[in-house]
Amino acid sequence: MDKVYNHSEYEEKIYKKWESSGAFSPIVNKKKKPFTIIMPPPNANDPLHIGHARFVAIEDILARYHRMQGEPTLWLPGTDHAGIETQYVFEKKLREKGKSRFDYDRDTLYKMIWDYVQQNSDTSISQMKRLGASADWSRLKFTLDPDIVKVIYGTFKKLYDEGLIYRGERIVNYCTRCGTSFSELEVNHVERDDELYYLDYGTLTIATTRPEPIFADVAVAVHPKDKRYKHLIGKKAIIPIINREIPIITDAVVDPSYGAGAVKVSPGHDKVDFEIAQRHKLPILKAIDVDGRMINVPEKYAGLYVNQAREAVVADLTETGLIKKTEKIHHTIGVCYRDKSVIEPMVSKQWFLEVKPLTKAALAAVKTRRVRITSQKFEKIAVHWLKNLKDWNISRQIVWGIRIPAWRCEKCLNWEITSGLEPLECTKCGHTKLTQDKDTFDTWFSSGQWPFATLQTTKKGDFDYFYPTSVMNTAYDILPFWVIKMVMLGLYATGEVPFKEILFHGLVRDREGQKISKSKGNVINPIKMAEKYGADALRMGIVWGALVDNDISLSEDNIRGQRNFANKLWNIARFVLSNETKIRNSKHEIRTRPRVTNLDDKWILAELKKSQKKITKLLDKYRLNEAAEELYNFIWKKFADSYLEKTKSRREDAQAVLEYVLYCSLVIAHPFMPFVTEAIYQETGKDGLLINAPWIN
RNA sequence: GGACGUGUAGCUCAGUCGGUUAGAGCACUGCGUUUACAUCGCAGGUGUCGGGGGUUCGAGUCCCUCCACGUCCACCA
């Protein structure tokens with residue numbers, strides 16, 4: 001054995017040994033309770049960042065621990081097509097070449113993105129392997145695998161047949177640059193300074209920050225109790241420039257104390273206005289098209305972009321004296337979470353999922369602990385979401401995704417929903433020309449079905465045996481996007497919860513507690529860290545010091561310290577095993593607990609037992625940080641600094657105990673530091689692999 | 001505006017049911033070590049547990065209040 005543990009010499013070889021031994025694939029045994037984790041699939045085209053390393057560390061510790069406990073353990077890996085995310089990245093690449101998605105037809109674009117993702121899809125997988133992930137790669141799934149898509153279609157059809165899918169003209173968050181609508185959750189709100197314009201509407205003055213869509217106004221609204229306007233209710237106001245009359249109505253959302261206490265209602269281009277229009281059954285007019293240009297407006301504005309139109313309208317209103325005054329205001333506006341451009345609320349035909357029946361069931365499951373959220377604070381957040389979730393717009397105007405299996409009859413405009421196959425004829429009128437909707441599903445609609453979609457399409461019997469899965473572990477920031485959707489759709493499609501427990505983990509921040517982002521330049525590349533200090537050190541560094549629930553500040557110092565710990569363990573082994581020739585020829589079995597009379601021997605064996613029990617208990621409670629600390633403390637302080645030093649004067653006598661304690665240390669350390677422990681185990685000359693060793697309870 | 005958190009050593013964080021002298025790692029200081037490891041050992045000690053009030057025999061822990069900070073959500077045009 002070398003003087004220092006050189007991880008780069010061992011890690012790759014050891015991983016190959018594990019993989020080829022089949023240790024990652026569970027052996028189904030109906031008599032035993034399985035342990036199952038479905039991996040949150042990373043984006044297929046992205047390299048791993050430090051956040052991925054956190055879930056790899058956590059889930060691999062759990063998988064290895066339960067595997068050693070003798071449970072048939074399946075950690076099922078996958079990758080995600082990540083619709084908007086990936087298309088956005090790809091379009092950025094196109095832009096670098098001076099191209100855009102409009103230069104290609106749908107099928108070509110899809111194929112190009114497919115190829116691009118294929119090129120990169122091995123990266124994240126090999127990087128997870130680099131970190132020691134003991135996932136069953138023979139069951140790897142991709143969210144666009146045809147059999148997965150079939151499951152998604154089946155669920156959509158069931159939802160449609162049971163009346164939970166509807167197509168409605170609804171106001172959606174539309175990014176004119178991305179050319180797609182976004183869910184509420186994908187819109188960011190940023191603060192901005194703007195002008196508030198007071199416009200003369202003939203009978204009264206209204207205040208608005210957006211003068212350009214006044215052409216699509218259908219009413220002016222005031223608060224029902226506002227005395228200033230009481231005499232005007234039911235009368236008419238006049239839209240400037242075009243001089244069209246619109247009714248003056250009342251609605252409680254209007255804040256009498258803000259602005260003029262009177263607002264224009266443009267339901268085609270404002271969320272609040274849309275809701276007012278719904279309540280008052282007002283028509284919906286459009287003044288802005290999906291490309292962000294003006295339509296249905298006086299000729300001089302037609303075709304202008306929104307901000308150009310605003311300038312022009314303001315100039316004209318100023319000239320005619322119809323702007324009573326302007327005020328500076330500070331407010332928040334919605335921007336696209338991808339490219340930061342201003343979100344244009346727009347009326348558009350979209351597919352919606354009525355969520356109430358699903359959230360109701362999910363809420364009951366959470367409250368009765370059929371699905372147990374291991375942290376109280378996240379349970380509260382999940383409950384809050386389930387109570388307040390609005391109907392879910394599941395269609396996206398992008399090509400990179402699962403195309404919605406909806407065909408419209410060209411004759412009678414009836415929609416035919418199938419479970420994937422193109423319908424031959426319209427079931428209503430018999431017409432044979434039908435065209436498929438261009439939209440694709442929101443990525444979360446398909447990934448929300450991931451736990452059962454994967455298990456229904458891997459090996460025969462997998463679903464029956466492994467579902468519901470044991471625990472779902474993922475970062476808390478996707479609780480509303482993904483986790484509650486999995487509970488909702490899992491319950492709906494299978495009648496069972498998708499997982500019995502949810503273990504949320506926190507985000508990884510840098511040592512100053514800053515969120516890690518490329519623009520801040522504080523990214524910690526997990527692979528670089530693993531290359532420098534070893535995967536074991538990185539894993540320990542990640543679980544060390546903070547609860548799984550909480551955000552962690554990861555520093556290189558921390559990882560270096562754990563590298564030292566790995567080396568410590570290595571050198572303990574070097575000390576214990578170095579006497580092999582002299583002492584270790586008595587056919588002693590290192591896995592057997594020796595009988596002892598010496599007080600030091602008794603002490604270390606008792607401490608070992610205590611630590612084993614404690615670590616087992618802590619792992620069962622997902623208190624990985626405390627388990628890691630206990631491990632560190634036992635091996636370094638008790639075993640090395642204390643016991644091992646004392647044996648130096650009585651080596652032969654203590655050898656059996658040293659070997660046994662070393663072996664047990666390898667076992668309890670293995671989930672955390674799989675490589676160095678396996679490397680040492682191989683040095684003992686014993687058969688087999690440590691990964692398959694039984695846990696010592 | 002709403003929800004959920006956080007505040008403990010210089011730094012990053014634990015502290016479970018309210019119970020002994022509040023802990024760990026890193027950093028720091030001193031001493032030591034050729035033979036398992038300098039990726040080492042031994043020793044050292046730093047705390048108004050954010051402030052204030054309350055409950056209690058007893059509070060870092062429970063309650064109230066204030067302050068500071070964070071995250072998510074949101075409909076003030």
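Only a predicted model underlies this, so the values are computations on that prediction, with no experimental measurement involved. Every chain is numbered from 1, with letters handed out A, B, ... down the list of sequences.
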For [X], which contact category applies under a 4.0 Å heavy-atom criterion: base, sugar-phosphate, or nothing?
X      : answer
A:L479 : nothing
A:D270 : sugar-phosphate
A:W570 : nothing
A:K621 : base
A:Y632 : sugar-phosphate
A:E626 : base

Could you check how far [atom1] of [X] sits from [atom2] of [N], rounded to whole Å?
X      : N     : atom1 : atom2 : result
A:E630 : B:G15 : CD    : C1'   : 15 Å
A:L386 : B:C73 : CG    : C1'   : 14 Å
A:K637 : B:C40 : NZ    : P     : 10 Å
A:H223 : B:A77 : NE2   : P     : 17 Å
A:Q562 : B:A24 : CD    : P     : 16 Å
A:L554 : B:G25 : CG    : C1'   : 13 Å
A:I635 : B:G25 : CD1   : P     : 15 Å
A:N388 : B:C75 : CG    : C1'   : 14 Å

Determine whether the side chains of A:D217 and A:S266 contain a donor N or O and an acceptor N or O closer than 3.5 Å.
yes
Quick one about A:Y533 and A:E556 (side-chain donor to acceptor, distance below 3.5 Å, no hydrogens or angles considered), yes or no?
yes
Has [X] got a side-chain N or O lying under 4.0 Å from the OP1 or OP2 atom of [N]?
X      : N     : result
A:R560 : B:G25 : no
A:N550 : B:A14 : yes
A:K648 : B:A36 : yes
A:K380 : B:G5  : yes
A:R563 : B:U39 : no

So ring-ring contact (aromatic ring centres under 6.0 Å, His included) across residues 205-227 of chain A, not counting sequence neighbours, yields A:F215-A:Y301
Any N or O donor-acceptor pair under 3.5 Å from the base of B:C37 to the side chain of A:K568?
yes
Have a look at B:C11 and give me syn or anti from its glycosidic angle (syn if within 90° of zero).
anti
Do we get A:R651 above A:F575's six-membered ring, with its NZ or CZ under 6.0 Å from the centre and within 45° of the axis?
yes
